[in-house]
Amino acid sequence: QVQLVESGGGLVQAGGSLRLSCAASGRTFSRYAMGWFRHAPGKEREFVAGISRSGGSTFYVDSVKGRFTIYRDNVKNTVYLQMNSLKPEDTAVYYCAARSGPGLGYTVDGYDYWGQGTQVTVSS
């Protein structure tokens, strides 16, 4: 089992940047593929970005490609989401999640462990 704690959210103007961090407990962090999701009011929770166990493969939802970067540090047991050129439509609670199954995941159901979320608000 793994416990996840996100940090780094906040209020930023459009065009600005934030870096989210997700610290994982335990010694088996490298066994999990990791993902970032977001949940905006009135919308479904949506996949944002994912990364393989080694960090060698990453994938993104089209709306953030070229603006967001996911990466991980398996020594520090942490996954990051660097968000640049933020837009008001990026406003949401952002969650990190861990996947214990094989391969990579794009859906909420594909992840087993979740953090508590961190609020990102982008003002216009």
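- No side-chain heavy atom of Phe68 sits under 4.5 Å from any side-chain heavy atom of Gln82.
- Here the closest non-hydrogen pair linking Gly103 and Ala33 is O-CB, 3.9 Å.
- Pairs passing the salt bridge (charged side-chain N to carboxylate O under 4.0 Å, His left out) check and including a residue from residues 50-62, sequence neighbours excluded, read Asp62-Lys65.
- Glu6 places a side-chain N or O within donor-acceptor distance of the main-chain N or O of Cys96, the cut-off being under 3.5 Å.
- Among residues two or more places apart in sequence or in another chain, the side chain to side chain donor-acceptor pair (under 3.5 Å) test is passed with Asn77 by none.
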Show which side-chain atoms of residues 10-23 pair as donor or acceptor with protein atoms under 3.5 Å away, not counting sequence neighbours.
from: Ser17; atom 1: OG; to: Asn84; atom 2: OD1; distance (Å): 2.9
from: Arg19; atom 1: NH1; to: Tyr71; atom 2: OH; distance (Å): 3.1

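- With sequence neighbours excluded, the residues that form a side chain to side chain donor-acceptor pair (under 3.5 Å) with Glu46 are Arg38.
- Minimum heavy-atom separation, Tyr95 to Gly115: CD2-O, 3.6 Å.
- Ser123 contributes atom OG, which lies 10.0 Å from atom CG of Leu86 (distance to the nearest 0.5 angstrom).
- For Arg67, the side chain to side chain donor-acceptor pair (under 3.5 Å) criterion is met by Asp90, not counting sequence neighbours.
- Across Leu81, Leu4, Leu104, a single residue satisfies side-chain contact (heavy atoms from CB on, under 4.5 Å) together with Met34, and that is Leu4.
- Taken to the nearest 0.5 Å, the CD atom of Gln1 stands 8.0 Å off from the OG atom of Ser25.
- Looking only at distances, a side-chain donor or acceptor of Thr118 sits under 3.5 Å from a matching main-chain atom of Gly9.
- The cluster map of Ile, Leu, Val, Met, Phe, Trp and Tyr, joined by side-chain heavy atoms under 4.5 Å apart, puts Tyr80 and Ile51 in different clusters.
- Thr58 pairs by the side chain to side chain donor-acceptor pair (under 3.5 Å) definition with nothing, not counting sequence neighbours.
- A distance of 8.0 Å separates OG of Ser54 from CZ of Arg72, quoted to the nearest 0.5 Å.
- Heavy atoms from other residues, nucleotides or ligands lying under 6.0 Å from CD of Gln116 number more than 12.
- Residue pairs meeting the side-chain hydrogen bond (donor to acceptor under 3.5 Å, both in side chains) criterion with at least one partner in residues 98-107, sequence neighbours excluded, are Ser100-Asp112.
- Between Ile70 and Phe59, every side-chain heavy-atom pair lies at or beyond the 4.5 Å cut-off.
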Show the numbers, then the answer: is there a side-chain contact (heavy atoms from CB on, under 4.5 Å) between Tyr94 and His39? CA-CA 7 Å; Tyr94 283 71; His39 193 181; over 6 Å; no
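- Residues Val120 and Met83 come closest through the heavy atom pair CG2-CE, 3.9 Å.
- Residues satisfying the ring-ring contact (aromatic ring centres under 6.0 Å, His included) test with Phe37, not counting sequence neighbours, are Phe47, Tyr111, Trp114.
- Checking side-chain atoms of Ser30 against main-chain N and O of Thr28 turns up no donor-acceptor pair under 3.5 Å.
- Between Gln3 and Tyr113, the closest side-chain pair of non-hydrogen atoms is not below 4.5 Å.
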